[in-house]
Amino acid sequence: MPAVHPATKKSPRIPHLSVVLPVYNEEKNIRLQYEEIVTALKPLGKTYEVIFIDDGSTDGSRDILRDIARNDKNIKLVLFRRNFGQTAAMSAGIDFATGEITIFMDSDLQNDPRDIGMLMKKIEEGYDVVSGWRKKRMDRLFSRKIPSQAANWLIAKVTGVKLHDLGCSLKAYRSDLLKQVNLYGEMHRFIPVHASWLGARITEVPVNHHPRKYGASKYGMKRTFKVLLDLITVTFLGKYSTKPIYVFGGTGLLLLMLGGMSGIAVIVMKIVLHQSMNRNPLLILTVMLAILSVLFIQIGILAEILIRIYHESQNKQPYSVLETMNIKKK
Ligand code: UDP
Ligand code: MG
């Protein structure tokens, strides 16, 4: 690594801090959120920019954001043409951020901007990633907290990245590192895992969390399953993307062995026990489902690889911008 990375060179025009917030139908929260952030950032004495990415809001959020950006030049605004999802919004935030440090948070008042100072301090201590941990999370227990804890535990086991709360949006990153991470689907939760695999120094700090007062959460139980599928993809791409034959070939060999064994068993049962080989439809169903599930997962992984080739070779963004404010053309 060079002594001073071009992106981290101090210059009065480059804000030190970029705070990125995805917004999707948060009309009741947005102005309060803006005020809270500015109040929290001013005492830090850093130069900053706040980037709101409006992810296709259909309520009054856009007009409020336009009004805020008109009156405050530190506020940058990016409006998507439609709803592309939180990950795409964060990915746009990464693309537009010019600060040395990028901080993500939600725009629904659930995260507390007063924690930003604490995250910054950790970055200044030399960490590349500081992950917020909602130790006292103010969400529902059964539908949110328990699935999330289970998912974090599993992800820590599988990836070796031991963080308590990947789902907490409030996180700080060195921007140069962040710009090397490509995001797809709903992968923003795995940014720290990607960063860790790039060699980042990671830590976590407990942060405040507030219940949602206005508007509704955009997610439900479905998310748990998506996270599980993402975990498979991330692990595969992290560990095996240069040697997929170990996974595909290994599974193939295993299935071949199992098939051989069950074939022998059927023949033995026929000869020794005189049992009919074809009177048990459930057996066939089970075998078929097992094979199909393996095939589906493998095809899923292939598709993941293909979309990466598709996006990366064409330099396509996972979003489309309708309008921006306070952003200089590159
Ligand atoms: N969000 C977004 N696009 C979406 C869904 C959510 O930009 O398609 C934003 C949303 O406005 C909020 C953040 O992402 O600022 C987190 O969403 P939410 O509060 O619904 O998630 P939860 O806190 O319930 O996990
Ligand atoms: Mg929320």
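Whatever order the structure lists ligands and atoms in, that order sets their numbers, starting from 1. Below, all heavy atoms of this structure are taken into account, side chains as well, without hydrogens, waters or symmetry copies.
- The ring-ring contact (aromatic ring centres under 6.0 Å, His included) test with F80 singles out one residue from Y24, Y319, F52, and that residue is Y319.
- Within the protein, the N, O or S atoms sitting under 2.8 Å from the Mg ion (ligand 2) are D108 OD2, Q110 OE1.
- Enclosure of atom NZ in K121 is not indicated, since only 12 or fewer non-hydrogen atoms of other residues, nucleotides or ligands lie within 6.0 angstrom.
- Taking 4.0 Å as the cut-off between side-chain N and carboxylate O, R201 and E125 do not count as a salt-bridged pair.
- A donor-acceptor distance shorter than 3.5 angstrom exists from the side chain of S175 to the backbone of G99, with no hydrogens or angles considered.
- Protein residues with a heavy atom under 4.0 Å from ligand 1 are P22, V23, Y24, E26, D55, N83, G85, Q86, D106, S107, D108, Q110, R144, R212, S217, K218, Y219, R223.
- Looking at Q33, K218, R31 one by one, the single match for side-chain hydrogen bond (donor to acceptor under 3.5 Å, both in side chains) with E26 turns out to be K218.
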Legend entry - side chain to side chain donor-acceptor pair (under 3.5 Å) between S57 and R62, intermediate numbers included: CA-CA 7 Å; S57 292; R62 294 196 156 199; 5.4 Å; no
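- With a 6.0 Å cutoff to the six-membered ring centre and a 45° limit on the axis angle, R140 does not count as a cation-pi contact of F142.
- Here the side chains of R308 and N182 are not in contact, with every heavy-atom distance at 4.5 Å or above.
- Between L178 atom CG and I94 atom CD1 the span is 3.5 Å, to the nearest 0.5 Å.
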